[in-house]
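Report on one structure; see the data block that follows.
Nothing fancy with the numbering, it's 1 onward along the sequence. Both counts, for ligands and for their atoms, begin at 1 and track the order of listing.
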Amino acid sequence: MKLHHVPFSRSFRVLWLLEELGLECEIVPYSIRDGSLRDPAFLAISPAGRVPALETGKEVLCESGAILQHLCEMYPEAELAPVPGDVARARYLELMGYAETMASLIENLNMQHIFLRDPRQASPVVIKLITSRLGAALAGLETRLGEREYLLDSGFSAADVMLGFNLFAAPYYVKLDPFEALVAYCDRLAARPAYQSARAKDGKQDIYSRDFYPVPEA
Ligand SMILES: N[C@@H](CCC(=O)N[C@@H](CS)C(=O)NCC(=O)O)C(=O)O
């Protein structure tokens, strides 16, 4: 398999799940800054110019949630996704979708704080609104996690990979300290050997140059 990958982006979810499954893949690295995601050769692989894109040997797949789900179905013995009919399935599907609700907020904040060519075009009002929505999404996750070790009662799953990835990016915009369950959960995720080997393969991120981006004064 071949993973088209930007360090510290959603393609990390695929890298991490592959490690959880003990599967090898070749990593093709890109930068989000150098135009390589708009290169016609990459657009032929990923028409929207987004990562992840995974070449499985049979087909090319985009969309991190779909890729994770597909891999879980290809390797059911790993039990990383509740199968149809399992009582945990509905919550699992909800959490997989929730992860993208949250990731799209982070992506919008990345755009406002970091990627606008002219930073004067950023809108403090929009940043305030999106940051508050991200805080609300984190609060919802804190409630879901409660006393649980992982998001599903059945234990670690691909939903933890989807949402866990977000939790390492969200603190650039919202401090996690008030979310005690999430802070402990992040520590648990970071201690997983598969997470650590995925981080070792991830590459150096060139998205964030500061530890925290506060909401600017309106
Ligand atoms: N819903 C898609 C979103 C993919 C996506 O937007 N990836 C970002 C990186 S996190 C990207 O490739 N951005 C490049 C761009 O927008 O130019 C997924 O989960 O794979």
Side-chain angles (χ1 to χ4, degrees), residues 1-21 25 27-56 59-74 80-81 92-119 121-122 126 130 133-134 137-138 141 151 157-174 189 195 198-199 201-209 213:
M1 281 186 283
K2 207 187 256 192
L3 176 65
H4 298 265
H5 174 66
V6 168
F8 210 74
S9 79
R10 287 174 178 97
S11 50
F12 180 77
R13 291 169 171 160
V14 179
L15 197 52
W16 180 3
L17 193 85
L18 288 169
E19 290 296 322
E20 295 283 353
L21 292 169
C25 80
I27 296 172
V28 187
Y30 298 80
S31 166
I32 211 158
R33 295 181 177 278
D34 65 2
S36 54
L37 297 180
R38 296 293 173 270
D39 188 287
F42 181 66
L43 292 176
I45 294 166
S46 173
R50 305 271 184 127
V51 291
L54 183 70
E55 296 187 45
T56 65
E59 58 207 334
V60 185
L61 295 173
C62 297
E63 290 294 330
S64 58
I67 295 171
L68 262 53
Q69 185 58 26
H70 176 66
L71 289 170
C72 290
E73 288 170 12
M74 295 300 290
L80 289 177
Y92 165 77
L93 292 174
E94 178 197 67
L95 289 164
M96 294 293 276
Y98 197 91
E100 274 303 275
T101 294
M102 191 187 284
S104 65
L105 295 168
I106 296 169
E107 177 181 332
N108 283 329
L109 288 170
N110 289 346
M111 186 66 77
Q112 289 278 334
H113 280 283
I114 297 168
F115 290 124
L116 287 176
R117 277 208 189 117
D118 180 353
Q121 289 176 331
V126 173
I130 303 174
R133 285 171 167 241
L134 179 58
L138 288 165
L141 199 61
L151 290 167
S157 73
D160 295 296
V161 173
M162 283 294 283
L163 277 153
F165 159 73
N166 294 352
L167 293 180
F168 292 98
Y172 285 100
Y173 302 120
V174 176
L189 294 176
Y195 174 88
R199 274 289 172 235
K201 294 180 181 177
D202 187 20
K204 192 171 170 352
Q205 69 93 2
D206 68 348
I207 299 172
Y208 305 101
S209 57
Y213 295 79

**Study point:** Any donor-acceptor pair under 3.5 Å from Tyr208 side chain to Ile114 backbone
**Key:**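 Not a single qualifying donor-acceptor pair exists.
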Point to revise | Side-chain (Arg133) to main-chain (Leu105) donor-acceptor, under 3.5 angstrom | key: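 Not at all, since once roles are kept as given, no pair shorter than 3.5 Å links the two residues.
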Taking [atom] as the reference point, the nearest protein heavy atom with its distance:
{"atom": "atom 4 (C) of ligand 1", "answer": "Val51 O, 3.4 Å"}
{"atom": "atom 5 (C) of ligand 1", "answer": "Arg10 NH1, 3.2 Å"}
{"atom": "atom 20 (O) of ligand 1", "answer": "Ser64 N, 2.8 Å"}
{"atom": "atom 17 (O) of ligand 1", "answer": "Arg38 NH2, 2.5 Å"}
{"atom": "atom 13 (N) of ligand 1", "answer": "Arg50 CD, 3.7 Å"}
{"atom": "atom 2 (C) of ligand 1", "answer": "Glu63 OE1, 3.1 Å"}
{"atom": "atom 14 (C) of ligand 1", "answer": "Leu37 CD1, 3.6 Å"}

Practice item. Decide if atom CZ of Arg199 counts as having more than 12 heavy atoms of other residues, nucleotides or ligands within a radius under 6.0 Å. Key: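 Enclosed: over 12 neighbouring heavy atoms sit under 6.0 Å from CZ of Arg199.
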Practice item. Give me the ring orientation class for Phe12 and Phe165: parallel if the planes are under 30° apart, tilted from 30 to 60°, perpendicular past 60°. Key: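 Ring orientation, 0 to 90° scale: tilted.
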Check your understanding: Do Ser64 and Arg13 have a side chain donor and acceptor closer than 3.5 Å?
Key ->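 A pair is found: one side chain offers a donor N or O, the other an acceptor, under 3.5 Å apart.
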Check your understanding: Are Tyr172 and His113 close enough that their ring centers fall under 6.0 Å?
Key ->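 Ring centres of His113 and Tyr172 not closer than 6.0 Å.
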Check your understanding: Below 3.5 angstrom, do we get any N/O pair linking Pro52 and ligand 1?
Key ->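 The answer is no, given that Pro52 and ligand 1 share no N or O pair closer than 3.5 Å.
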Review point. Would one find an N or O of Ser9, backbone or side chain, under 3.5 Å from an N or O of ligand 1?
Key: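 Min N/O separation from ligand 1 is not below 3.5 Å for Ser9.
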Exercise for review: Mark the output for Val6 as yes if a heavy-atom distance to ligand 1 is under 4.0 Å, and as no if none is.
Suggested key: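 Heavy atoms of Val6 never come under 4.0 Å of ligand 1.
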Check your understanding: side chain to side chain donor-acceptor pair (under 3.5 Å) with Ser11: which of Arg50, His4, His5?
Key ->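 Per the side chain to side chain donor-acceptor pair (under 3.5 Å) rule, the option paired with Ser11 is His5, out of Arg50, His4, His5.
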